[in-house]
There are 2 protein chains.
Amino acid sequence: MKKLPDKTVERLSQYRRSLLNCLANGKKHIFSHEIANLHHITPVQVRRDIMLIGYTGTLRKGYDIQELVDLIGEIIDTDEGQNVAIIGIGNLGRALVTYLQGKRSKLRIAAGFDINKDKVDRVYGGVQCYHIDQLEEIVKKENITIAVITTPADETQKISEMLVKAGIRGILNYTPTAINVPDHVYLEEYDMITSLEKVAFFVKKNSLTV
Amino acid sequence: MKKLPDKTVERLSQYRRSLLNCLANGKKHIFSHEIANLHHITPVQVRRDIMLIGYTGTLRKGYDIQELVDLIGEIIDTDEGQNVAIIGIGNLGRALVTYLQGKRSKLRIAAGFDINKDKVDRVYGGVQCYHIDQLEEIVKKENITIAVITTPADETQKISEMLVKAGIRGILNYTPTAINVPDHVYLEEYDMITSLEKVAFFVKKNSLTV
DNA sequence: ATTAAATTGTTATTTTATTAACAAAATTTT
DNA sequence: AAAATTTTGTTAATAAAATAACAATTTAAT
Ligand SMILES: NC(=O)c1ccc[n+]([C@@H]2O[C@H](COP(=O)([O-])OP(=O)(O)OC[C@H]3O[C@@H](n4cnc5c(N)ncnc54)[C@H](O)[C@@H]3O)[C@@H](O)[C@H]2O)c1
Ligand SMILES: NC(=O)c1ccc[n+]([C@@H]2O[C@H](COP(=O)([O-])OP(=O)(O)OC[C@H]3O[C@@H](n4cnc5c(N)ncnc54)[C@H](O)[C@@H]3O)[C@@H](O)[C@H]2O)c1
């Protein structure tokens with residue numbers, strides 16, 4: 001398959017989320033404009049994305065939801081699934097563990113890591129918390145490929161180096177400190193303040209233009 | 001000023017975050033390539049963004065950090081600041097309150113809302129939690145313009161309608177249920193699973209192409 | 001049986017975003 | 001003093017993403 005646009009990959013994940021929801025409600029088929037409505041985009045965008053992954057719906061019935069879900073799975077997921085570690089079992093880390101665990105069959109939260117004695121060796125939302133010193137050992141043992149960083153900001157760079165050294169292949173960084181990783185490690189960073197400030201900016205703009 | 005590209009607005013927020021950090025470390029000036037390194041982008045992108053907001057650095061010294069921070073503030077913030085409500089004081093809501101409160105002088109977390117008797121009338125991270133029935137009253141009293149939704153997913157649509165009715169101007173939705181709002185309300189949605197799946201996809205892709 | 005309506009799939013066009021190119025100015029080196 | 005270097009600011013070019021246009025097909029309506 002030819003290279004999928006980044007934005008298409010993102011949207012496929014979003015489509016699957018709502019498609020799974022439809023399935024849960026007993027819905028079997030869906031039209032491009034229905035998907036579009038669920039995601040604030042145009043039906044053409046939806047059809048184009050679906051075209052790019054080589055799926056074909058049926059005229060008048062639309063897309064078979066289960067087939068589409070399966071195909072998106074083939075694109076995003078690996079057969080065996082990937083194991084994920086949460087680094088820093090604080091407020092956000094714990095919230096994430098409970099949110100993510102069990103949500104996707106091919107993403108397993110395999111371990112948490114912390115430095116605080118009170119947290120180490122406890123279980124949070126079904127996930128074992130290890131001491132950060134055991135990172136490399138557990139990453140290897142559990143075949144963890146992805147890490148989510150939710151430690152204090154000033155630990156971020158150090159943690160990211162440990163993760164790279166341990167052989168992690170992808171990092172999702174929720175701390176406000178940007179990090180640098182080698183090319184073979186995929187990095188995604190997100191800061192909630194930026195989302196909030198984006199909202200603030202457009203609210204301000206709208207009030208001015210009205 | 002002419003319309004700023006969406007992406008520029010996002011980056012300005014990110015620049016400010018790291019610039020504030022530089023200031024805190026006593027740094028006074030910064031070059032475009034330094035900002036670029038902190039955000040995994042090119043120096044040209046940085047200069048272009050800064051050009052768009054009409055700021056001019058000095059050759060050989062770069063940008064005056066304080067001036068740049070102030071100017072970004074003039075763009076993103078309002079003079080009086082905006083008040084924010086967090087709807088749903090669960091795991092994520094509480095994490096957010098403690099994270100956001102006091103981080104930006106022009107964004108004040110003015111109230112939390114929940115439906116659970118145990119949470120109502122308590123204070124979390126300095127923020128008073130009210131019953132959701134008091135939404136409209138408090139939104140008006142505290143002049144709240146922005147809401148962050150962190151309730152269970154099946155409450156999302158109902159909550160968003162209440163928010164619109166209460167006069168909220170911008171919504172940041174962290175639940176996995178997309179919502180629909182009128183044009184005059186700015187909506188931003190984010191799902192952590194999509195970020196995680198994006199990482200998963202690119203990790204998979206990288207392992208294949210190596 | 002014909003026409004109209006709905007819907008997909010795909011190419012073409014437009015818009016938005018990023019990157020490249022380079023002139024201008026300040027500083028440093030020779 | 002002249003040449004080289006560094007860095008900004010801006011326009012031009014390219015790339016990526018979104019939208020529009022429309023043919024093709026199926027079903028429904030007349
Ligand atoms: N709370 C939020 O909603 C939120 C939102 C966005 C970003 N963040 C960021 O996420 C990070 C975590 O936020 P939080 O509110 O959960 O903070 P927190 O203090 O509650 O949690 C941090 C956890 O990391 C652990 N830790 C510290 N050093 C460590 C190390 N070297 N190795 C492993 N674990 C270590 C601490 O023991 C603690 O359990 C912060 O950087 C924060 O800025 C938080
Ligand atoms: N926990 C995470 O890291 C995470 C990450 C991404 C998204 N989310 C989403 O964020 C939402 C909250 O997650 P959580 O883990 O904090 O859940 P939670 O159950 O801990 O918190 C939900 C809170 O909302 C309150 N609530 C319920 N109905 C309400 C109503 N009608 N009005 C006001 N408050 C109401 C509940 O009393 C509870 O306090 C969920 O939709 C979840 O899918 C969570």
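The sequence lines fix the lettering, A, B, ..., with proteins before strands; numbering per chain opens at 1. Values below: all heavy atoms of this structure, side chains included; hydrogens, waters and symmetry mates excluded.
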Closest-nucleotide 5' rank along DNA chain D - winner of B:Gly57 and A:Arg47: B:Gly57

Rounded to the nearest angstrom, tell me the gap between atom NZ in A:Lys7 and atom C1' in D:dT19. 14 Å

Is the closest basic N to carboxylate O distance between B:Glu10 and B:Lys7 below 4.0 Å? no

Rounded off to whole Å, could you give me the CD-to-P distance for the A:Gln45 and D:dA21 pair? 16 Å

From the options D:dT7, C:dT19, C:dT7, select the nucleotide whose nearest atom is closest to the side chain of A:Phe31. C:dT7

To the nearest angstrom, how far is A:Leu52 atom CG from C:dT10 atom P? 10 Å

Side chain of A:Leu59 only, heavy atoms from C-beta on: which candidate in D:dT19, C:dT7, D:dT8 is closest? C:dT7

What I want to check is whether the side chains of B:Glu189 and A:His40 have a donor and an acceptor closer together than 3.5 Å. yes

In whole angstroms, the gap separating P of C:dT7 from CD1 of A:Ile50 amounts to 14 Å

Step-by-step side-chain hydrogen bond (donor to acceptor under 3.5 Å, both in side chains) determination, A:Tyr186 to B:Asn206: CA-CA 8 Å; A:Tyr186 182 85; B:Asn206 284 346; over 6 Å; no

A:Tyr63 has a side chain; which of D:dT10, D:dG9, C:dT8 sits nearest to it? C:dT8

Would you call B:Glu161 and B:Lys165 a salt bridge, using N to O less than 4.0 angstrom? no

Give A:Thr8 one of three labels, base, sugar-phosphate or nothing, depending on what nucleic acid heavy atoms sit under 4.0 Å from its own. nothing

A:His33 NE2 to D:dT19 P, in whole Å, measures 18 Å

Could you check how far CG of A:Asp64 sits from C1' of C:dT7, rounded to whole Å? 16 Å

Carboxylate-amine/guanidinium proximity below 4.0 Å for B:Asp191 and A:Lys103: no

Counting side-chain heavy atoms from C-beta on, which of D:dA17, C:dT19, C:dT11 comes nearest to A:Met51? C:dT11

Is a donor-acceptor pair below 3.5 Å formed from side chain B:Arg60 to base D:dT7, judging by atom type as modelled? no

What is the separation between atom CG on B:Leu68 and atom C1' on D:dT8, rounded to the nearest whole Å? 13 Å

Considering just the side-chain nitrogens and oxygens of B:Thr42, establish if one lies under 4.0 Å of OP1 or OP2 belonging to C:dT18. no

Using a cut-off of strictly less than 4.0 Å, decide whether B:Arg11 has a side-chain nitrogen or oxygen near OP1 or OP2 of C:dT18. yes

Let me know the distance between CD1 of A:Ile41 and P of C:dT15, rounded to the nearest Å. 20 Å

Nearest to the side chain of B:Arg48, heavy atoms from C-beta on, is which of D:dT11, D:dA17, C:dA12? D:dT11

